[in-house]
Amino acid sequence: MTIFLASSFELQEDIEAIRLFIAAKNDMLNEKGVYLKLVTWEDSNAIVPDGLQSKYNEAIKQCDVIFFLFWRKAGKYTLEEFAVAYEQFQATGKPHIVTYFKDTKERTPELIAFQEQLGSEKHFYTRYENKQDLCNQIYDQLEKLGYLINSHGRPLPQAPKPPSNFVGRDDLLIEIHQQLAEHNRLVLVNGLGGIGKTAMAQKYVERYRAEYNSVVWIFIQNGLVQDMVTILQASIQMDFTANIPADHKLEYLMMALGDYYEGNNLLVVDNANDADELLHLVVHLEACGWATLITSRCIPDAEEYEIVRVDELPESDAMLLFRGHYPLEADGVELRVLLEKIYYHTLLIELVAKAGKKKNFTIGQLVERLDGGLAHQDLQRNIGSHSHKVSKKARLHEYIVAMFEPEDLDANQQGILRYFSVLPAVDIPLEHFKRLFAVEDENGFEDDLDYLFQYGWLSRKDTSYKMHGLVQDVMFTKLEANLESCKKLILTLNGIMESKDGFLLDLNKAWDYQEYAQSVVLKFKESDTNIGVLNFYLADFYINIGNLEPALTSITRASEHFTQCDDKEHLVASYECIGSIHQTFGQIDTALKFFELDIKLTKELYKSNPKSESLKNGLAISYEKLGNIHQALGQVDKALEFFELSMELMKELYESSPKNVEVKNNLAISYRALAVIYQSKMSFYTFAFKRYNQPVLALHEKSINLWHELYETTKLDSHKQNVEYAAQEYLKAKVATYAPIIQLVIMLIFANFYILNWISGWWLIGLVVFFWPMRRSTTKKMWMIKLPILGLVGLAAWLIV
């Protein structure tokens, strides 16, 4: 790929640093088939011949991505290059344009005007502090754009940026670095929720990124093993048989990760809060060979982990963080009282400071608000009778309740917070929010997000927003996030994750949103058809990526929702899916149980609505599934019965909709399945080949013709492969039809030799018996007469045989 780097002459040192950084990365990337070609142009505002500048403008149009760097001024030719690149991007979608501004307070009027122009055109720029920070940001941006994707699949997730207001913790960052580099490759950052574990891990990656060849960040939402297998398998794309346990899959994937990426690499596992899973993870991490940093609220009983404990902020850092969000005058003594009351807790400091700023509260009023909140009867009821022994975590939760009053917000802002409370506690891009919230007024929506960020409800990094898990818990309750109030969000997710014909409409898009879907289905425990459907689509997603364990979990949850809601049509589909997964696992008896439930319920539905083609199609597929199960059990006659029933229904569907691609494909499958069963019958009844000979060949011919028509229509490789496979089966069937004749000929040949040998043996015995008594009395003349006669008799006997 080609990178164009445009900047003014004053950033020459930064340009040289990028050049050296990319040259070093190319040594590693070449092994993966990736090469970064860098084109640079330092604009010194000197007189440049038009021809030379036009060549650079043409080069801009040909590159894949262009990085613009600015510091104190905006050069004439750099602005010209930006205009050329922007016009090209609007016309063709390339090159990708990324702008960086080095931190400074000195800016020329031209630069200020240019920044305002970027804002009006919705082009978001990024700030950087120094050369190292710039190099790391550029590399991360290339990974996000997909240019550094490895040859094995989706790009591995990269570390989010740390909060811009991160303060202190230098001693802990140094300790983590020493432990990872010198003593222990497994470091676990432990502490209370909201204390700043994730932010510390993000800051560590930012500070030491240049020391690692690769950095991978995995956020745990559903379970350590499940999430790691899902993410790593999508990237490495290692094929597994269905009956391999998820723990074994993780073992193979971690070993592959160590093989594919050489050098010094860092794996960050965020939000891993299951001590047992962390205990079992040790062996896999050691096999991988990567340095590993884990954030967790728990401590596993494993000596291999070096524990770095994150406690409350030191008083000086806590005051610095508070004043960063609270610009009003604050008495030092009162502020210390306030900070002590909220345990110098990182998240609470930020939330209380932002709330105080927005409501123009003094420090004393903030303290009163916290005390009054805890005295509220609802909060006291939550705390319970053991209020004198309330845990720090419980008090922090109640402080959040006391500080926030979402009732003061308008309906749109409340709706945004309600949706945030059911989505995962991760940085979510603005473009995803707009799709999830079905935004019509983009300007108003962004204004609401900015207001909620300023107030402290949300955190923001660039154009991504996040609500902390502790705030989510409060908002979920206070704003009554229920199935009705979140119905629009659930339906939107269903539309994104919806599948058709067993294949996801857009697997990449489903990848981007499946994390949100998982969070939503786990938030709501009540029975609901829409939640059941979302679980069904999640199962379909996992099946498509080859991860059947979470697929079975999701589809089982879906069936429970459909059962409680008496949604029989969806329940039928879930039974079929559960049966198919168990069949793939080799659990035939369990699969048979669900297929029988599927048949029973489908028959009931079809009987009540015999004109429904979807039900008829479902019944045909169910018959086929049962046929496959009985065939696997060796019950050929039973399998034949179900395959014939399936074929008859498929033929009816095809006659009514001959151009339907799905129906045509299913009928071809039905023909082939029935042909295979007939062939097995021929092998059992050798002399009954006349009965099955022509049907087998005819069925194979029909399947070949249907798949050939499908390939001509769709040009899908899968249909072409089916044609080739069916042709091979036809050839085998053709040969198999002559097997009984060949067997009969061989039997006759062997019988012929057997009879010949029998007669020849008796003939020789006869000669001996006939001649032995006359051996002395017979003359030589008589021998000369009798021998030819006996020879002729023997020859005649042999010819007769």
Side-chain angles (χ1 to χ4, degrees), residues 156-163 166 169 172 176 180 186-206 215-232 234 246 250 254 266-282 284-285 290-300 302 305-311 345-348 350 393 396-397 400 420-429 458-459 461 464-476 514-523 550:
L156 289 163
Q158 301 304 301
K161 292 181 182 179
F166 185 90
R169 310 290 195 191
L172 294 180
I176 292 172
L180 286 174
L186 307 180
V187 174
L188 185 139
V189 178
N190 172 257
L192 192 68
I195 202 69
K197 301 182 299 295
T198 298
M200 250 187 53
Q202 293 168 346
K203 190 66 177 179
Y204 176 85
V205 172
E206 180 187 66
V215 176
V216 174
W217 184 287
I218 297 180
F219 176 78
I220 304 302
Q221 176 179 321
N222 307 299
L224 184 63
V225 174
Q226 176 180 325
D227 288 346
M228 290 189 71
V229 168
T230 298
I231 292 169
L232 293 176
L250 180 58
M254 294 296 285
L266 176 66
L267 171 65
V268 183
V269 182
D270 185 29
N271 199 46
N273 298 316
D274 189 306
D276 292 334
E277 287 191 315
L278 283 172
L279 188 62
H280 295 308
L281 185 64
V282 170
H284 303 323
L285 293 174
W290 283 37
T292 306
L293 180 62
I294 299 174
T295 70
S296 178
R297 293 195 297 269
C298 63
I299 300 178
Y305 286 111
E306 190 68 30
I307 309 299
V308 175
R309 175 74 186 178
V310 183
D311 291 313
H345 186 273
T346 308
L347 176 64
L348 254 299
E350 181 177 343
K393 180 179 179 181
L396 292 173
H397 182 274
I400 294 173
F420 264 103
S421 73
V422 300
L423 292 170
V426 297
D427 295 309
I428 303 177
L458 307 175
S459 62
K461 293 175 187 174
S464 296
Y465 291 84
K466 171 185 175 181
M467 178 183 283
H468 195 280
L470 292 177
V471 182
Q472 282 185 321
D473 294 340
V474 174
M475 291 302 101
F476 186 81
Q514 56 87 21
E515 187 178 15
Y516 314 142
Q518 273 287 1
S519 179
V520 168
V521 298
L522 293 175
K523 285 285 186 179

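Values reported hereafter were calculated over all heavy atoms of this structure, with side chains retained and with hydrogens, waters and symmetry mates removed.
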Item to check | side-chain contact (heavy atoms from CB on, under 4.5 Å) assessment of L186 paired with I294 | outcome: CA-CA 8 Å; L186 307 180; I294 299 174; over 6 Å; no
Checklist entry - Taking atom CD1 of I195 and atom CG of L348, what is their separation to the nearest 0.5 Å? => result 9.0 Å
Item to check | Those residues that, when tested against T346, pass side-chain contact (heavy atoms from CB on, under 4.5 Å) (two or more places apart) | outcome: R169, L313, L321
Checklist entry - What's the verdict on side-chain contact (heavy atoms from CB on, under 4.5 Å) for Q221 and S519, showing C-alpha distance, side-chain angles and the deciding distance? => result CA-CA 8 Å; Q221 176 179 321; S519 179; 3.4 Å; yes
Pair up each side-chain donor or acceptor in residues 274-282 with any protein partner under 3.5 Å, not counting sequence neighbours, and list the distances.
from: D274; atom 1: OD1; to: D276; atom 2: N; distance (Å): 3.0
from: D274; atom 1: OD1; to: E277; atom 2: N; distance (Å): 3.1
from: E277; atom 1: OE1; to: L224; atom 2: N; distance (Å): 3.0

Checklist entry - Please walk me through it: do V205 and L293 pass side-chain contact (heavy atoms from CB on, under 4.5 Å)? => result CA-CA 10 Å; V205 172; L293 180 62; 5.6 Å; no
Checklist entry - Knowing that exactly one of I220, D227, L188, V216 qualifies, which makes a side-chain contact (heavy atoms from CB on, under 4.5 Å) with V269? => result I220
Next on the checklist: Before you tell me yes or no, could you show the steps for Y204 and V189 under side-chain contact (heavy atoms from CB on, under 4.5 Å), namely the whole-Å CA-CA distance, both residues' side-chain angles and the distance that decides it to 0.1 Å?
Outcome noted: CA-CA 11 Å; Y204 176 85; V189 178; over 6 Å; no
Next on the checklist: Using modelled atom types and a 3.5 Å cut-off, is there a donor and acceptor pairing between side-chain atoms of K197 and backbone atoms of G191?
Outcome noted: yes
Checklist entry - If you round to the nearest 0.5 Å, how far is CG of L458 from CE of M467? => result 5.0 Å
Checklist entry - Within the side chain of N273, is there an N or O that forms a donor-acceptor pair under 3.5 Å with the backbone of R297? => result yes
Item to check | A199 to P162 - nearest heavy-atom pair and separation | outcome: O-CB, 4.1 Å
Item to check | Partners meeting side-chain hydrogen bond (donor to acceptor under 3.5 Å, both in side chains) with K203 (sequence neighbours left out) | outcome: E206
Next on the checklist: Please enumerate all residues that pass side-chain hydrogen bond (donor to acceptor under 3.5 Å, both in side chains) together with T230, with sequence neighbours excluded.
Outcome noted: N547
Item to check | Atom pair OG1/CG of T292 and L266 - distance to nearest 0.5 Å | outcome: 7.5 Å
Item to check | Side-chain donor or acceptor of D427 paired with backbone N/O of K466 under 3.5 Å | outcome: no
Next on the checklist: Rounded to the nearest 0.5 Å, what separates atom CE in M228 from atom CG in N222?
Outcome noted: 14.0 Å
Checklist entry - Considering residues at least two apart in sequence or located in another chain, which fulfil the side-chain contact (heavy atoms from CB on, under 4.5 Å) criterion with D270? => result T198, W217, F219, T295
Checklist entry - Looking at residues at least two apart in the chain, or sitting in another chain, which of them share a ring pair (Phe, Tyr, Trp, His ring centres under 6.0 Å) with Y516? => result H432, Y513
Checklist entry - Can any side-chain N or O of Q472 pair as donor or acceptor with the backbone N or O of F420 at less than 3.5 Å? => result yes
